[in-house]
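Quick note: residue numbers are just sequence positions, from 1.
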Amino acid sequence: QVQLVESGGGLVQPGGSLKLSCRASGSIFNILRMGWYRQAPGKQREMVAGISSGGNTNYQDSVKGRFTISRDDDKNAVYLQMNSLKPEDTAVYHCNFKKLMGSGIADYWGQGTQVTVSS
């Protein structure tokens, strides 16, 4: 019943910046990790950045130093600040929440937001 909604995508020039947001439509508890994934046409979906409940972060090597992930548990939100954008960053970006369940870990996905980096 929980829905994740992304926003903040758009068209930017190389070197520009965007901030993506993802918020749950309802209350959600026991979130172990929030993250961002992206998928370009003809490519496999890849992890971009993740943040644990304790605030530890990890990034795909290609975005290290350019992207910053953050979370706000009170708002059930995760953000991705993207700087120094490159054409190869063009993709549909999806947020992901991993929730602890009695039987294991459940994944929740947003619908995606398009990021296009082009001159």
Disulfide (SG to SG under 2.5 Å) pairs touching residues 52-112, sequence neighbours excluded, are Cys22-Cys95
Does anything in residues 58-94 pair up under ring-ring contact (aromatic ring centres under 6.0 Å, His included), and if so which pairs, sequence neighbours excluded?
none
For Ser118, what residues pass the side-chain contact (heavy atoms from CB on, under 4.5 Å) criterion, not counting sequence neighbours?
Leu11, Thr116
Does a donor on one side chain sit under 3.5 Å from an acceptor on the other, for Gln60 and Glu46?
yes
Shared-cluster residues of Met47, by chain and number - hydrophobic side chains joined below 4.5 Å
Tyr37, Trp109
Does Arg66 have any salt bridge (Lys or Arg N to Asp or Glu O under 4.0 Å) partners at least two apart in sequence or in another chain, and if so, which?
Asp89
Run the salt bridge (Lys or Arg N to Asp or Glu O under 4.0 Å) test against Lys64 and tell me which residues pass, sequence neighbours left out.
Asp61
Any sub-3.5 Å donor-acceptor pair from Ser52's side-chain atoms to Arg33's backbone N or O?
no
Where at least one partner belongs to residues 27-82, residue pairs that pass disulfide (SG to SG under 2.5 Å), sequence neighbours excluded
none
Of all residues at least two apart in sequence or in a different chain, which pass the side-chain contact (heavy atoms from CB on, under 4.5 Å) check with Ser17?
Gln81, Asn83
Residue pairs passing the disulfide (SG to SG under 2.5 Å) test where at least one lies in residues 42-72, sequence neighbours excluded:
none
Please name all residues satisfying salt bridge (Lys or Arg N to Asp or Glu O under 4.0 Å) with Asp72, sequence neighbours left out, ordered by chain then number.
none
Qualifying residues under salt bridge (Lys or Arg N to Asp or Glu O under 4.0 Å), relative to Arg71, sequence neighbours excluded:
Asp73
Indicate yes or no for a side-chain donor-acceptor contact from Ser25 to the backbone of Gln3 under 3.5 Å, with no hydrogens or angles considered.
yes
With sequence neighbours excluded, tell me which residues meet ring pair (Phe, Tyr, Trp, His ring centres under 6.0 Å) with Phe97.
none
